[in-house]
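Could you have a look at this structure, given as structure tokens, before my questions?
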Amino acid sequence: MFHVLENRIRSAFATFIQARYGAGTPVLLDQPKQASFGELALPIAFQLAKQLKKAPKAIAQEIVAGAGSIAGVSGFEIAGNGYINVRLDRGVYGRALLEGSTEPAASRPGKMIVEHTNINPNKAAHIGHLRNAVLGDTFVRLLRASGNRVEVQNYIDNTGVQVADVVAGFHFLEHKTVAEVRQLVSSTRFDYVCWDLYARVSAYYKEHGEAIAWRQETLHAIEAGVGELSELGHIVADAIVERHLATMRRLDITYDVLPRESEILHLKFWATAFEQLKERKAIYFETEGKNKGCWVMPGAAFSSDAGEDDSKVIVRSNGTVTYVGKDIAYQMWKFGVLGRDFYYRVLRTYPDGHTIWVSTTEPSSDSPAFGKGDQVFNVIDSRQSYLQDVVEAGLRQLGYVEQAEKSVHFSYEMVALSPRTCVELGIELSEEDQKRPYVEVSGRKGLGVKADDLIDKLIETAQKEVDSRHPEAAAEERRRVAEAIATGALRYFLLKFTRNTVIAFDFQEALSFEGDTGPYVQYAAVRARNILRKLEERGMRMPDFAAALPEEAMSRQLAGEDFWQLLLAASKAGSAIERAVRGGEPSHVARYAFQLAQAFNNFYHAYPVLSEEDPEKRALLLWMTQYFQRQLRDVLGELGIHVPPYM
RNA sequence: GCGCCCGUAGCUCAGUUGGAUAGAGCGCUUGCCUCCGGAGCAAGAGGUCAGAGGUUCGAAUCCUCUCGGGCGUACCA
């Protein structure tokens, strides 16, 4: 609601300033430092002062006099030496909220593609992958909440080096047959088995340099799609993808389509892109130096101050293509400029009806159309920004300048481990590492916190609490409540940091359910619902708010600062979401959710709702309780967090 | 070396794109359950926004330099 008024005021002022001064200055809206100054503050007079060579105060007076009246605004004041403070009409505002004149998020044209998760299918997911998935999934929810059509893709690199290493481990190191590996898939926690094997293989390469030939042989076999190694590759990757989907499902994260690298190769996506790259001279065949025999992209294409040595290999000297090459083809497909398309089959359909499709080489009749996006967000950690620059440069070199500009690297910093948590996990640290603020995780070394282990631990912690508080409830239900609390805590924890903050993961902090946490927010929502439930239990009914709170009653009740400020804060969800989408920063919404919960807890403590005697005030308190409850539920929903029935 | 990111309370972090007296959580000190559930509420202590210059009405925010930390800079992703 609040941001509707913001927009109204912004456009009214902009129109006047354009007409009066012929200036296209953007109208910025601030929140006054002190609530007593009003609800909005405009520093526009300062912005115009230099341009117009006039005192800010005089300009402010002209603007206020000229802007006329705006619906929902009760008045303007000029403060300081030129601030324009806005006061809203509280009665009108309250009524608008009550009548739920919720602006339906106008659906926006075009289609957005968000690619996230993208875990190499060769080992269990860890906390770093969770940050990626939660960030991506939440951004998708926010985009959809603001009226965008969004397609969610999870790219599966099933033909890359990491899968090859695990396959080589099974085949060369452990001498396992296809049948034996299949057996492991069905009888073990396969992603955990591969986690350990991957670490063992990496260590083995280090000690036996010549063993790296296994990787080459396996990579070739997988790329060619023939033989036992290739079959193993499919078994491993497919089984691990299933595990990853299950892990993400626990956090209510899902996808529309899984484009796989094997199809990028077999449906000639890469061959097509390769031809175009050669034709456009975006890459060239190196005949000397360290990259002799490779197809490379010159460094100048993606970096302004690149030297001779900075070119990037796209096709290796043995003829296999690097990740970057395949990613260029994939990006082209996303924008619908490759001239080729995947076929799809259903991978699975969940009970709620949601279907995940996966790419395939076999034509099928009834699959939907994917790709052809107008804007693309790639959720990839910041360590890969160099590679993302190369991919973007590839698009540019091919002449897809517009697409390159609409391809956003939605980057975020890594999740590391706090030294204390390393100790808890039994990880030995060098003296140097102990002094660091955090220690980087490494899948190659098998160093890290597995996603499922963390989720299990969170559920266990929540379960203890729920069991002691609600021994009377059914065990199955208590379990569901514990799960909601655990996932709420985890998603919130990963979202409360801004994207470019390194998270030093700490068990103690992540397992906390007090203060700035998901459960704190959930608890506020539960409390609000409890009041409304209690009302019914006592045989009372909700008043007819529309009749009990006409505009005069609303202005009377909201005249005091207390209720007004609470209501105002609760009505700003739309602004928070808008800001988060505009800035690409989901943490804004997490922060808002926390503030909302604080505001409600404040209200809860200060005003006993059910025992209020005055009918009008009681109606207002009940209405505000209901409003808070809905806002909390909805905002948590945008964060992918559920409100349990009790806590 | 070069590129990107970071440095704000004891600790972990915000700070709405340059606005009014820099804010939270945790921890610490002290209060609050005859009341809609205390995973809560209230109060207090705690700051040279790494440092130095600059830009202007106005800087934690922009520019330059210095110091400190991180991540990249693969024929891994």
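Every chain is numbered from 1, with letters handed out A, B, ... down the list of sequences.
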For this session: Using Watson-Crick or G-U wobble geometry with both distances below 3.5 Å, tell me the partner of B:C65, or none.
Result: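 Because both required distances fall under 3.5 Å, B:C65 counts as paired with B:G51.
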
For this session: Mind telling me whether A:Phe493 and A:Phe505 have parallel, tilted or perpendicular rings, with 30° and 60° as the class edges?
Result: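 Answer is perpendicular, since the angle exceeds 60°.
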
For this session: Count the heavy atoms of every other residue, nucleotide or ligand shown that sit under 6.0 Å from CD of A:Glu472, and state whether that count exceeds 12.
Result: yes

Exercise. Quick one: does A:Asn85 reach the base of B:A20 with a side-chain donor-acceptor pair under 3.5 Å?
Worked result: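 Under the 3.5 Å cut-off, the side chain and the base do form a donor-acceptor pair.
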
Problem set entry | B:A14 phosphate, OP1 or OP2, under 4.0 Å from A:Thr501 side-chain N/O |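 Indeed, a polar side-chain atom of A:Thr501 lies that close.
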
Problem set entry | Touch class at under 4.0 angstrom, heavy-atom based, for A:Ile314 against every strand present |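 Nothing, no heavy atom under 4.0 Å.
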
For this session: Give a yes or no on whether a salt bridge exists between A:Asp165 and A:Arg444, defined as a side-chain N under 4.0 angstrom from a carboxylate O.
Result: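 Looking at A:Arg444 together with A:Asp165, the answer is yes, because their closest N to O distance falls below 4.0 Å.
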
Exercise. Quick one: is A:Gln598 getting a side-chain N or O under 4.0 Å of the B:G25 phosphate, OP1 or OP2?
Worked result: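 So the side chain of A:Gln598 is within the cut-off, an N or O lying under 4.0 Å from OP1 or OP2 of B:G25.
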
Exercise. How is A:Val609 classified with respect to the nucleic acid when contacts are heavy atoms under 4.0 Å: base, sugar-phosphate, or nothing?
Worked result: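 Contact class for A:Val609: base.
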
Exercise. Between A:Asn122 and B:A77, is there a side-chain N or O to OP1/OP2 distance below 4.0 Å?
Worked result: no

Exercise. Is the glycosidic torsion of B:U61 within 90° of 0, making it syn, or is it anti?
Worked result: anti

Exercise. Between A:Tyr520 and A:Phe513, is the gap from one ring center to the other below 6.0 Å?
Worked result: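 Ring-ring flag for A:Tyr520/A:Phe513: false, centres at least 6.0 Å apart.
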
Exercise. Since syn is defined as within 90° of 0, does B:C71 count as syn or as anti?
Worked result: anti

Exercise. Which part of the nucleic acid, if any, lies within reach of A:Arg383 when heavy atoms closer than 4.0 Å are counted: base, sugar-phosphate only, or nothing?
Worked result: sugar-phosphate

Exercise. Closer than 4.0 Å, any side-chain N/O of A:Tyr520 to the OP1 or OP2 of B:C41?
Worked result: yes

Exercise. What nucleic acid atoms does A:Thr320 come within less than 4.0 Å of, heavy atoms only: base, sugar-phosphate, or nothing?
Worked result: nothing

Exercise. What is the nucleic acid contact for A:Ala528, judged by heavy atoms within less than 4.0 Å: base, sugar-phosphate only, or nothing?
Worked result: nothing

For this session: Could you tell me whether A:Phe513 contacts a base, only the sugar-phosphate backbone, or nothing, with contacts defined as non-hydrogen atoms closer than 4.0 Å?
Result: base

Exercise. Across the strands shown, which category fits A:Val439 at heavy-atom distances under 4.0 angstrom: base, sugar-phosphate, nothing?
Worked result: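 Nothing, no heavy atom under 4.0 Å.
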
For this session: Determine whether any donor atom in the side chain of A:Ser611 lies under 3.5 Å from an acceptor atom in the base of B:C35, or the reverse, and answer yes or no.
Result: no

For this session: Describe the nucleic acid contact of A:Arg529 in one word from base, sugar-phosphate, nothing, applying a heavy-atom distance below 4.0 Å.
Result: nothing

Exercise. A:Phe302 has an atom CZ; how far is it from atom P of B:G72, in whole Å?
Worked result: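 Rounded to whole Å, this separation is 17 Å.
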
For this session: Test A:Trp295 against every option in A:Tyr284, A:Phe274, A:Trp270 by the ring-ring contact (aromatic ring centres under 6.0 Å, His included) rule and name the one that passes.
Result: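 Only one option passes, and that is A:Phe274.
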
For this session: Would you indicate what A:Lys464 reaches in the nucleic acid, counting non-hydrogen atoms under 4.0 angstrom: base, sugar-phosphate, or nothing?
Result: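 Touches nothing.
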
For this session: Could you work out the separation of B:G38 and B:C33 based on their P atoms and round it to a whole Å?
Result: 12 Å

For this session: Indicate, with a heavy-atom threshold strictly under 4.0 Å, whether A:Asn120 touches base, sugar-phosphate, or nothing.
Result: sugar-phosphate

For this session: Identify whether any heavy atom of A:Ser587 sits under 4.0 Å from a base atom; if not, whether one sits that close to sugar-phosphate; answer base, sugar-phosphate or nothing.
Result: nothing

For this session: May I ask you to say what A:Tyr412 touches in the nucleic acid, namely base, sugar-phosphate or nothing, with a heavy-atom cut-off under 4.0 Å?
Result: nothing

For this session: Just name whichever nucleotide pairs with B:A24, Watson-Crick or G-U, keeping both distances under 3.5 Å, else none.
Result: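 The base-pairing partner of B:A24, which may sit in any strand shown, is B:U12.
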
Problem set entry | Integer angstrom distance from the C1' of B:G27 to that of B:U12 |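 To the nearest whole Å, 11 Å.
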
Problem set entry | Watson-Crick/G-U partner (both atom distances under 3.5 Å) of B:G3 |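 Check on B:G3: paired to B:C71, both distances under 3.5 Å.
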
Exercise. B:C75 phosphate, OP1 or OP2: any side-chain N/O from A:Arg215 under 4.0 angstrom?
Worked result: no

For this session: Assign each of A:Asn500 and A:Arg591 to its nearest nucleotide of RNA chain B by heavy atoms, then name whichever residue's nucleotide is nearer the 5' end.
Result: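 Going by which nucleotide is closer to the 5' end, it is A:Asn500.
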
For this session: With heavy atoms under 4.0 Å as the rule, sort A:Glu440 into base, sugar-phosphate or nothing.
Result: sugar-phosphate

For this session: Under the side-chain hydrogen bond (donor to acceptor under 3.5 Å, both in side chains) rule, what do A:Glu261 and A:Tyr155 come out as? Steps first, then yes or no, please.
Result: CA-CA 8 Å; A:Glu261 206 161 82; A:Tyr155 182 69; 2.6 Å; yes

Exercise. Looking at A:Asn530, does any N or O in its side chain come under 4.0 Å of the phosphate oxygens OP1/OP2 on B:C36?
Worked result: no

For this session: Kindly say if A:Ser512 contacts the phosphate of B:A39, meaning a side-chain N or O under 4.0 Å from OP1 or OP2.
Result: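 So the side chain of A:Ser512 is outside the cut-off, no N or O lying under 4.0 Å from OP1 or OP2 of B:A39.
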
Problem set entry | Distance, C1' atom - from B:A14 to B:A60, rounded to whole angstrom |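 After rounding to an integer number of Å, I get 12 Å for this pair.
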
Exercise. With the threshold set at 4.0 Å, does a side-chain nitrogen-carboxylate oxygen contact exist between A:Glu77 and A:Arg87?
Worked result: yes

Problem set entry | Interatomic distance, A:Leu219 CG vs B:A77 C1' [rounded to whole Å] |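 These atoms are roughly 12 Å apart.
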
For this session: Scan A:Arg436 against the nucleic acid and name what it touches under 4.0 Å (heavy atoms): base, sugar-phosphate only, or nothing.
Result: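 A:Arg436: backbone/sugar contact only, no base atoms under 4.0 Å.
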
For this session: Look at the side chain of A:Tyr604 and decide which nucleotide, out of B:A39, B:G37, B:C75, has an atom nearest to it.
Result: B:G37

Exercise. Please give, in whole Å, the distance from B:A24 C1' to A:Glu514 CD?
Worked result: 16 Å

Exercise. Reckon A:Lys534 has a side-chain N or O less than 4.0 Å from the OP1 or OP2 of B:G37?
Worked result: yes

For this session: Look through every strand shown and name the nucleotide pairing with B:U17 as Watson-Crick or G-U wobble, where both distances are under 3.5 Å.
Result: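 Across all strands, not a single nucleotide pairs with B:U17.
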
Problem set entry | Out of B:G37, B:G70, B:A20, whichever nucleotide has its closest atom nearest the side chain of A:Arg527 |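 For A:Arg527, the side-chain atoms sit closest to B:G37.
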
For this session: Taking atom types as modelled, find out whether A:Glu115 and A:Asn118 have a side-chain donor-acceptor pair closer than 3.5 angstrom.
Result: yes

Problem set entry | Donor-acceptor pair (no angle test) under 3.5 Å: A:His605 side chain, B:G38 base |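 It does not, because no donor-acceptor pair links the side chain of A:His605 to the base of B:G38 below 3.5 Å.
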
For this session: Indicate yes or no: does A:Lys572 engage A:Glu39 in a salt bridge with an N to O separation below 4.0 Å.
Result: no

Problem set entry | Ring-on-base stacking B:A24 with A:Phe594 (under 5.5 Å, under 30°) |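 No, A:Phe594 does not stack on the base of B:A24.
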
